[in-house]
Protein chains: 2
Amino acid sequence: MARLPVYLRALQALQDRGTLTISSEALASAAGVNSAKLRKDLSHLGSYGTRGVGYEVEYLVYQISRELGLTQDWAVAIVGIGNLGRALANYGGFGTRGFRIAALLDADPAMVGQNVASLDVRHIDSLEEVVRTKGVSIGVITTPAAAAQGVATRFVEAGVASILNFAPVVLNVPDGVDVRKVDLSIELQILAFHAQRRADGDGRGAERAGLELM
Amino acid sequence: MARLPVYLRALQALQDRGTLTISSEALASAAGVNSAKLRKDLSHLGSYGTRGVGYEVEYLVYQISRELGLTQDWAVAIVGIGNLGRALANYGGFGTRGFRIAALLDADPAMVGQNVASLDVRHIDSLEEVVRTKGVSIGVITTPAAAAQGVATRFVEAGVASILNFAPVVLNVPDGVDVRKVDLSIELQILAFHAQRRADGDGRGAERAGLELM
DNA sequence: ACGTGCTTGTGAAAGTGCGCACAAAGTGGG
DNA sequence: CCCACTTTGTGCGCACTTTCACAAGCACGT
C-alpha cells in the first residue's frame, strides 16, 4: 500500500515523543485517514493490535519498516546535478531511512569531478559501471526533459527497475519497471485549478445562497 | 481532474513539433493513459473534437489552460530557503506556465536579505504583509517538519487557501483550504516496497512455476 | 470470577474509477 | 449522392476502494 510510509512517519513521530501504545483512531487522525481504513491496512499485513488497548508503537514501526523493505539499505544514483539534483544530494533525510546516495552523474563535463555532498560527480557515460560496482537499485532522474528518456533507458538496461522521475515527461519503460513521477509544475497547476474552482464557486455560492432564501 | 496538466504538457510538446490535429488514441499514448479515459476527461470539460478527425491541438491547449486557470497568473511565496527552497526558486519552469515566484521567506536572520533568484529573502514575520501586498494566493512550504504547521496556519490566516507542502508532516488546515503534499522519502519508500515485492515475487514465482508443472 | 468499557478485525454496503464496446457523427472518394 | 472508413462521445458492467457498523476479544476494576 502507498499509505504505509505515511503511517510509518506518524508512528516515528509518536515514538520520538515517547508514546508506547496508540489506538487506530488516534493514529488515523495523525495520518489523516479514516480509522477503519487504517485498521484494514494494518490487518492486511498481518499486524497484531490488542483489542481494548491499541497497537504497540515500537512493534508496528518494526513491522512496517520490514514490509517496506527498509531493514536493508538501498543504493540510489542521481542523474542530473542541477539545482534540484544538488538539493536532493544534500538533503539529509534519506540516510536515516535506509536510502544511501551512492553516486551523482551528469552529462556536463564542467560538472564532472565537482564535489557535491561529499561525492564526486561522475560522467553519465559511467552509469552502467557505477550501477554495477555500487549495487544501485534505485535511479533518480533530475535532468532536463529532453534527456530523461535516454537516461531511463540506460538505467533499465543496466538493471535498475525502480526510477523516480522529476523531469516533466512521461517515461516509456518495459513492463516490470516501476516509475514514479514528481512534477512540481503539475502540483502547482492542480492547486491553481482548485483555487479557480473555489473562486468560481464562491460566485455561484452567493447566487445559490440567494436562491435558498426564497 | 488531476490528469489535465499531463494532457496539457503532451499537447504543448505536440504544438512545438508543429502538429495541428491529434486523435484521442495518439494523445492518450503520449500521456500514458487509456484513450477512452482521455476522451471522457475531455468531454467532461465540454470539449469539442471532430469525429473522424480528432482534436485541434491549439484549441485544446487553450481550453485546458483556461480550465486550469493558467490564463491568469498566480503569485507564489516560498517559505524555507534551504536546499530545496533555493532549487525551486531557481527553477525556471514556473514562469512560463502562469506561476510567478513573488516572495521568498525564511526564519533564519542570517538568510534574510540574501539575494536568491533575483529576489531578496525576507523574514517570516512579514508573511502577512507580503501576502497582502504581492497578492500571493499559493504558498509553498519547504521548511523543516517542525516549522511547517506554524507556517501553514499563518498562510491560512493570511488568506492563502492553496498550499504545496514539501515538509514531511500532515498539515492540519480548515475545510476549504487545499493542501498538496510532496514527500521525497515517501516516494523512495514506495519504490523500495515494490522493489522488494518484485524480489520476493521472483522467488515465489519460481515456486509457482514448479507447481504449475505438476 | 464476572461484568463493564474500550478497541480491534472484518463482513457487507455504498461509492468510485476504469475500460470495453458500440452507436453517432463527420470526412473523403467514387 | 451515396458508401466506406475513421474517430468521438458514452452506456454499461466490472473490479477495486472506502466507509459503516458490529461482533469478537482483551483489560481492568470490583
Side-chain angles (χ1 to χ4, degrees), chain A residues 1-8 10-11 14-15 19-64 67 170 175 178-181 186 190 193-194 197, chain B residues 1-8 10-11 14 19-64 67 170 175 178-181 186 190 193-194 197 201:
Chain A
M1 291 283 174
R3 281 184 299 264
L4 288 181
V6 181
Y7 302 158
L8 180 58
L11 284 165
L14 289 165
Q15 203 171 23
T19 313
L20 295 178
T21 185
I22 182 130
S23 75
S24 65
E25 199 81 35
L27 180 55
S29 132
V33 298
N34 178 289
S35 69
K37 181 158 52 174
L38 178 112
R39 287 198 298 274
K40 202 159 273 186
D41 287 346
L42 294 185
S43 80
H44 231 277
L45 59 91
S47 162
Y48 292 84
T50 312
R51 299 175 191 225
V53 177
Y55 299 88
E56 195 200 338
V57 173
E58 190 183 5
Y59 183 62
L60 210 47
V61 165
Y62 171 71
Q63 284 296 335
I64 295 181
E67 182 76 9
V170 176
D175 283 358
D178 196 15
V179 175
R180 294 192 66 84
K181 187 180 166 192
I186 284 184
I190 293 172
F193 172 71
H194 286 127
R197 277 184 82 84
Chain B
M1 289 283 177
R3 281 184 300 265
L4 287 181
V6 181
Y7 302 158
L8 181 58
L11 284 165
L14 289 165
T19 312
L20 295 177
T21 184
I22 183 135
S23 74
S24 64
E25 198 83 34
L27 180 55
S29 134
V33 299
N34 178 285
S35 68
K37 182 158 51 175
L38 179 118
R39 287 197 298 275
K40 205 163 275 184
D41 287 346
L42 294 186
S43 81
H44 234 277
L45 60 90
S47 160
Y48 292 84
T50 313
R51 301 177 188 220
V53 177
Y55 299 88
E56 196 200 338
V57 174
E58 191 183 4
Y59 183 62
L60 209 48
V61 165
Y62 171 71
Q63 284 296 334
I64 295 181
E67 181 75 10
V170 175
D175 282 359
D178 195 15
V179 175
R180 292 193 67 84
K181 186 180 165 192
I186 284 185
I190 293 172
F193 172 70
H194 287 127
R197 275 184 85 83

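First the proteins, then the strands, lettered A, B, ... as listed; each starts at 1.
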Distance in angstrom units between [X] [atom1] and [N] [atom2], rounded:
| X | N | atom1 | atom2 | result |
| --- | --- | --- | --- | --- |
| B:Ile22 | D:dT6 | CD1 | C1' | 15 Å |
| B:Lys37 | C:dG19 | NZ | P | 5 Å |
| A:Leu38 | D:dT17 | CG | P | 16 Å |
| A:Leu60 | C:dT7 | CG | C1' | 15 Å |
| B:His44 | D:dT8 | NE2 | P | 18 Å |
| A:Leu45 | C:dT8 | CG | C1' | 14 Å |

**Request:** Check whether the side chains of A:Tyr59 and A:Gln63 place a donor and an acceptor atom closer than 3.5 Å, and report yes or no.
**Result:**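 Distance-only check passes for A:Tyr59 and A:Gln63.
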[Y] side chain reached by [X] side chain, heavy atoms, under 4.5 Å:
| X | Y | value |
| --- | --- | --- |
| A:Val33 | A:Val6 | no |
| A:Tyr55 | A:Thr21 | no |
| A:Val57 | A:Leu20 | no |

**Item:** Listed partners of A:Glu67 passing side chain to side chain donor-acceptor pair (under 3.5 Å), at least two apart
**Value:**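 Side chain to side chain donor-acceptor pair (under 3.5 Å) list for A:Glu67, sorted by chain: empty.
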Would you indicate, yes or no, if [N] has its OP1 or OP2 atom less than 4.0 angstrom from a side-chain nitrogen or oxygen of [X]?
| X | N | result |
| --- | --- | --- |
| B:Ser35 | C:dG19 | no |
| A:Tyr48 | C:dT7 | no |
| A:Arg3 | D:dT18 | yes |

**Request:** Write down the atom of A:Ala31, the atom of B:Val170, and the distance for their closest heavy-atom approach.
**Result:**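 Minimum heavy-atom contact is O-CG2, 3.9 Å.
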**Message:** Could you report the tightest heavy-atom contact between B:Leu14 and B:Leu27, atom names first, then the distance?
**Reply:**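 Scanning both residues completely, I find the closest heavy atoms to be CD1-CD1, 4.1 Å.
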**Request:** May I ask you to decide if B:Glu25's main-chain N or O and B:Ser35's side chain share a donor-acceptor pair within less than 3.5 Å?
**Result:**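 Flag not set: sc B:Ser35 to bb B:Glu25 has no pair under 3.5 Å.
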**Prompt:** Are any side-chain N or O atoms of B:Thr50 and backbone N or O atoms of B:Val53, one a donor and one an acceptor, separated by less than 3.5 Å?
**Reply:**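 Between the backbone of B:Val53 and the side chain of B:Thr50 there is no qualifying donor-acceptor contact (under 3.5 Å).
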**Prompt:** Going by heavy atoms closer than 4.0 Å, what residues in residues 23-31 of chain A are next to DNA chain C?
**Reply:**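 Of all residues in residues 23-31 of chain A, the ones placing a heavy atom under 4.0 Å from DNA chain C are A:Ser23, A:Ser24.
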**Request:** Kindly state each residue pair satisfying salt bridge (charged side-chain N to carboxylate O under 4.0 Å, His left out) with at least one member in residues 30-52 of chain A, sequence neighbours excluded.
**Result:**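 Every pair satisfying salt bridge (charged side-chain N to carboxylate O under 4.0 Å, His left out) with a residue in residues 30-52 of chain A: A:Arg3-A:Asp41.
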**Request:** Would you mind reading off the bend of the helix from C:dA1-D:dT30 to C:dG30-D:dC1 from its two end axes, five pairs each, to 10 degrees?
**Result:**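 Rounded to the nearest 10 degrees, the bend comes out at 0°.
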**Prompt:** Who passes side chain to side chain contact (heavy atoms under 4.5 Å, CB included) against B:Ala2, sequence neighbours left out?
**Reply:**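 For B:Ala2, the residues satisfying side chain to side chain contact (heavy atoms under 4.5 Å, CB included) (neighbours in sequence not counted) are A:Ile190.
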**Message:** So if I define the base as every atom that isn't primed, P, OP1 or OP2, how would nucleotides 20-30 of chain D read as a B/S/- string at a heavy-atom cutoff under 4.0 Å?
**Reply:** BB--BBBS---
